[in-house]
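Below, all heavy atoms of this structure are taken into account, side chains as well, without hydrogens, waters or symmetry copies. Every chain is numbered from 1, with letters handed out A, B, ... down the list of sequences.
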Amino acid sequence: MSLLELAGLTKRFGGVTAVDGLDVAIEAGRIHSIIGPNGAGKTTILNLITGVERPDRGQVLLDGADVTGLRSFERARRGVARTFQNLQVFLNMSALENVMAGCDRLSPVGLLAALARLPRVRRANRAATARALELIDFVGLAEWRDAAAAELPYGALKRLEIARALATGPTLLLLDEPAAGLNARETAAIRDLIQALARTGITVVLVEHDMRLVMGVSDHILVVDQGRRLMVGTAAEVRADPRVIQAYLGTAGAGVTGAA
Amino acid sequence: MAEFLQFTFSGVTVGAIYALVALGFAIIYNASQIINFAQGEFVMLGGMATVVLAAAGLPLPVAIVGAVAIAVAVGLLLERGAVEPARHASVVTLIIITIGASIFLRGVAQVLFGKDFHRLPAFSGDAPIVVGGAMLLPQTLWVLGVTALVVVLLHGFFTRTLFGKAMLATAHNPLAAALVGIDTRRMLAVSFGLAAGLGAIAGILIAPITLTAYDVGIMLGLKGFAAAILGGLGSFPGAIVGGLLLGLAEALTAGYVSSAYKDAIAFVAILAVLFVRPSGLLSLGRSERV
């Protein structure tokens with residue numbers, strides 16, 4: 001059974017069909033990328049998977065179970081985590097607290113217990129702090145851990161979002177343009193991080209415009225165009241497919257064809 | 001000197017009450033940007049429900065716990081019944097809903113409890129303690145002690161527990177909070193429950209000193225709001241400092257100038273703050289970045 005399955009997923013915004021009858025199955029324990037020209041519906045697909053948007057038609061299946069009707073936080077509790085193209089960090093907290101907020105689902109306690117800080121609440125908090133510190137080290141932010149999130153540089157905030165997503169204990173991690181705005185050195189570090197994540201058994205779905213990054217890390221690549229599945233394949237297959245080149249560069253006009 | 005001390009005592013007492021009410025405003029504002037104008041009614045409910053339960057023969061501590069529970073239940077009902085269904089409306093609409101709720105609650109209280117003033121016995125007698133020539137009521141110690149305890153608990157809750165962090169996370173970015181597994185609707189309900197509890201505690205503590213009636217929530221709510229604005233809306237330390245400053249300013253004005261101007265102080269303070277430092281004395285200086 002696939003970890004994630006999208007069945008006939010359709011989402012319209014007014015007259016625009018952002019995702020159009022998409023069927024995709026994603027196997028566990030790999031790095032999958034979604035690529036496509038601007039406006040192809042990549043971020044909308046992530047929004048549909050995480051419950052930020054509801055589809056007009058079709059289903060999202062997680063481990064074979066239909067989660068289409070579940071809200072975002074319920075899907076997060078079933079192991080779906082994500083980062084954002086434009087950062088969504090809790091700027092009113094420190095770096096460490098941001099990651100701790102992601103640990104929330106691991107230690108459900110009642111309000112009264114939390115107010116009184118009962119021993120088990122203290123234990124849960126200590127455990128969350130320890131876990132958050134580990135994750136902050138893992139993404140390479142040890143030096144920033146007590147800094148206010150608002151003071152972190154852009155590249156560090158991208159890593160902080162990844163650490164926070166990991167804190168939820170995901171089986172499926174969706175990364176929306178993790179390398180956007182980063183320089184070559186930072187991008188290489190993100191690539192290493194993604195590969196390290198995949199080695200821990202987390203299934204990664206990557207939406208990214210940096211083709212070197214995508215081609216370098218992906219086991220499978222899904223190419224979408226105008227909300228439809230154009231093809232699925234390995235990096236080599238995608239690179240060689242004329243349909244992909246056409247989708248990116250547009251349908252060749254008569255003049256161009258003549259020149260070619 | 002004794003006179004000054006006396007005014008200070010009464011200022012700090014009432015200031016602590018304003019601080020509790022202001023904290024209630026801050027908690028709901030932080031969770032939702034809503035200014036909950038029904039906050040004063042929670043204060044009224046706390047005092048009145050204690051009076052009624054005590055009159056029904058319950059021991060005072062039981063009556064107090066019962067009254068706080070009733071106020072919390074009303075707070076949760078208000079959130080579920082009036083705010084939650086209109087969740088997608090604008091913040092202004094939601095604020096107007098809380099104004100409507102406050103009028104409704106006051107009306108129900110008037111029907112249930114009548115229009116008379118009610119008295120609650122002081123928790124540990126009325127024999128004043130003389131300090132430096134000024135009279136200190138034992139109830140004042142209760143007010144200050146309980147307020148300090150509540151502040152310490154809340155501080156620990158927001159800084160040291162995951163639940164508290166989940167609330168702060170929801171306040172800052174509900175979308176990201178939901179996506180890390182935080183049930184943001186529950187957080188809004190919890191904020192109303194907490195604010196109602198705080199308001200009720202304030203109303204119970206002050207009832208033995210000032211008497212209570214169905215409409216005490218109007219003034220106490222507005223004063224708490226003024227304290228929250230004074231300290232910086234949404235700031236917890238600001239709510240406490242604002243409450244104490246406002247209480248002191250009122251008591252000193254009433255003592256040295258005229259008690260006729262006492263209530264005007266709060267509103268002059270709001271105007272002054274809004275002219276000079278619109279974000280409040282201890283505002284967080286919110287920085288937005290993209």
Checklist entry - Among B:L153, B:I182, B:L175, which residue forms the greatest number of heavy-atom pairs with chain A at distances under 4.5 Å? => result B:I182
Item to check | Residue selection (most heavy-atom pairs with chain A, distance under 4.5 Å) from B:T184, B:L168, B:T170 | outcome: B:L168
Checklist entry - Please walk me through it: do A:K42 and A:D176 pass salt bridge (charged side-chain N to carboxylate O under 4.0 Å, His left out)? => result CA-CA 9 Å; A:K42 301 181 297 283; A:D176 196 355; over 6 Å; no
Item to check | Contact origin within A:R75 toward chain B - heavy atom pairs under 4.5 Å | outcome: neither
Checklist entry - Think B:R185 forms a cation-pi with A:F73, using NZ or CZ under 6.0 Å from the six-ring centre and within 45 degrees of its axis? => result no
Checklist entry - Is the shortest side-chain N to carboxylate O distance from A:E161 to A:K158 below 4.0 Å? => result no
Item to check | For chain A, the option from B:T159, B:L179, B:L154 that forms the most heavy-atom pairs under 4.5 Å | outcome: B:L179
Checklist entry - So B:F225 and B:F25, would you call those rings parallel, tilted or perpendicular, with 30° and 60° as cut-offs? => result tilted
Checklist entry - Is it true that A:D63 and A:R78 make a salt bridge, defined as a side-chain N closer than 4.0 Å to a carboxylate O? => result no
Item to check | Segment of A:M93 engaging chain B (4.5 angstrom heavy-atom cut-off) | outcome: side chain
